[in-house]
There are 2 protein chains.
Amino acid sequence: MASPARRPERKRRDTYHHGNLRQALIDQAVQTIRQHGVDGLTLRGVGADLRVSRTALYRHFADKGALLAAVATDGFRTFHAALAEAWQAGGRGRAGFEAMGLAYVRFAVANPSHYRVMFGGFVDHAGADPELVTEADGAFQVLVDSLIEQQGRGLIAGGDPQQLALYIWAIVHGIAMLGIDGQLPPQQSAEDLTVAAMHHIREGIRGT
Amino acid sequence: MASPARRPERKRRDTYHHGNLRQALIDQAVQTIRQHGVDGLTLRGVGADLRVSRTALYRHFADKGALLAAVATDGFRTFHAALAEAWQAGGRGRAGFEAMGLAYVRFAVANPSHYRVMFGGFVDHAGADPELVTEADGAFQVLVDSLIEQQGRGLIAGGDPQQLALYIWAIVHGIAMLGIDGQLPPQQSAEDLTVAAMHHIREGIRGT
DNA sequence: ACCTGAACACCGTTCAAGT
DNA sequence: ACCTGAACACCGTTCAAGT
């Protein structure tokens, strides 16, 4: 009966009813997995945290997998930015390349559950959400572009940059997963291993 | 009332009641995750498949996590054997080393769900089951030993073999995970990428 | 010892009903 | 349009009871 409120402070309170419940659900899911792991994420719990019905979520996501896909997509955006920033700030050369590798592993170690949702097979990368694929490809492309640029300057050898990128992606991904799973010995942090790896990647390990 | 049966054929039928239900549960769990993925594994389903009560399992495993840990342990045994066999059959040199890398990735691609249970964070490697740790360490040690042997023959450069092993483990682990998750482009199989990787590992990727 | 059925406290998801 | 409560079909796990 009252005329529509114009003051944003007032609208902010029940803003979930006006279109941003979707983002609120994603944010809450991210916070929940950060604190309680992926197993600790329940749709009912997220709803309760946001003081919303258990089923309100289904207005914005088809199912739990769709929410996880959105969480992964959100993660890839941050990830993409972190990699690009490291490469750029490091001077787009050898140092930038090493900084990018470190940034990769640091993101994973700092956000283990989020990283796991992005890469742990909770969402099938092969199909489904086109936005997820776009964001994941975007992050990967930072690496590919950096390789092409380095090849152009003779910093690294020629060869298919896509394949080279997959090789390097696999290395940092592997280090990240081993670190997250606690499979690295105590005296060997994921970051230390990454620094050593960036050297090995460049120089190889062959004998004299 | 009948005298105890001596013929093994007769006893084999209800042998679950005599001590090997534990192994039967593991085998059934392995088969279930192979066919329906880790998400498809339910304790109730495994019980039903073995025509046993839903709760019979708790006589042999503390909970679902303990069953998964046993599945992982079982996997590490097979894995260990496959790596050792490849290294040995390949002549314990460069060819054997490459064969071992291929064997690693092939195991993962051929047994994606089993591999995921071993490495995907379903069981926390850091603690808990000592048998799991033993088997996992055993598989890893095959790689460490191969590096030490190659260093001794000047095939690869010196340096801490443990760290070198972690570096290489991360690479094949990363390739395996990317392959399992369907994150490799169609024209780039996990095995092809592994062959290329084994070359890059040795020679590096630096420019001229 | 080993196994069982009933029961408990959870889930994700559906659906008719409200505003 | 968006949200809700009740209901359904599942889970893992516990427990008193059987043999």
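Owing to the predicted nature of the structure, the values given are computational and were not obtained by experimental measurement. Chain letters run A, B, ... following the sequence lines, proteins first and then strands; every chain starts at 1.
- What separates CZ of A:Arg44 from C1' of D:dC11 is a distance of 12 Å, to the nearest Å.
- Toward the 5' end of DNA chain D, the nearer of the two residues B:Thr42 and A:Arg54, judged by each one's closest nucleotide, is A:Arg54.
- The CZ-P distance, from B:Arg59 to D:dT14, rounds to 11 Å in whole Å.
- A 3.5 Å limit on both hydrogen-bonding distances identifies C:dG18 as the Watson-Crick or G-U partner of D:dC2.
- For the side-chain hydrogen bond (donor to acceptor under 3.5 Å, both in side chains) test, residues two or more places apart in sequence or in another chain that qualify with A:Asp145 are A:Gln141.
- Under the rule for a side-chain hydrogen bond (donor to acceptor under 3.5 Å, both in side chains), B:Gln162 has no partner lying at least two apart in sequence or in another chain.
- When A:Phe107, A:Tyr115, A:Phe79 are each tested for a ring pair (Phe, Tyr, Trp, His ring centres under 6.0 Å) with A:His173, only one passes: A:Tyr115.
- When distances run from any side-chain atom of B:Thr55 to the nucleotides C:dC3, C:dT13, D:dC15, the shortest one goes to D:dC15.
- One finds no side-chain N or O of B:His60 lying less than 4.0 angstrom from the OP1 or OP2 phosphate oxygen of C:dC2.
- The nearest whole Å value for the distance from the CG atom in A:Asp39 to the P atom in C:dG12 is 11 Å.
- Distance CG (A:Leu50) to C1' (D:dC3): 14 Å, rounded to an integer number of Å.
- Contacts of B:Leu57 with the nucleic acid, taken as non-hydrogen atoms under 4.0 Å apart, are absent.
- Among all heavy-atom pairs drawn from B:Glu98 and B:Met198, the shortest one is CA-CE, 3.7 Å.
- Under the Watson-Crick or G-U wobble criterion, with both distances below 3.5 Å, C:dC10 is left unpaired in every strand shown.
- In this structure, A:Lys64 places its NZ atom 12 Å from C1' of C:dC10, rounding to the nearest Å.
- Look at CG on B:Leu68: it is 14 Å from C1' on D:dC11, rounded to the nearest Å.
- Side-chain contact annotation: A:Gln31 with A:Asp27, donor-acceptor N/O pair under 3.5 Å absent.
- Distance B:Asp63 CG to D:dT13 P: 5 Å, rounded to the nearest Å.
- For B:Tyr58, whose side chain is taken as the heavy atoms from C-beta onward, the closest listed nucleotide among C:dT4, D:dT4, D:dT14 is D:dT14.
- As a whole-Å value, the separation of B:Arg22 CZ from C:dA1 P is 18 Å.
- Checking C:dT13, C:dC3, D:dC3 against the side-chain heavy atoms of B:Leu21 singles out C:dC3 as nearest.
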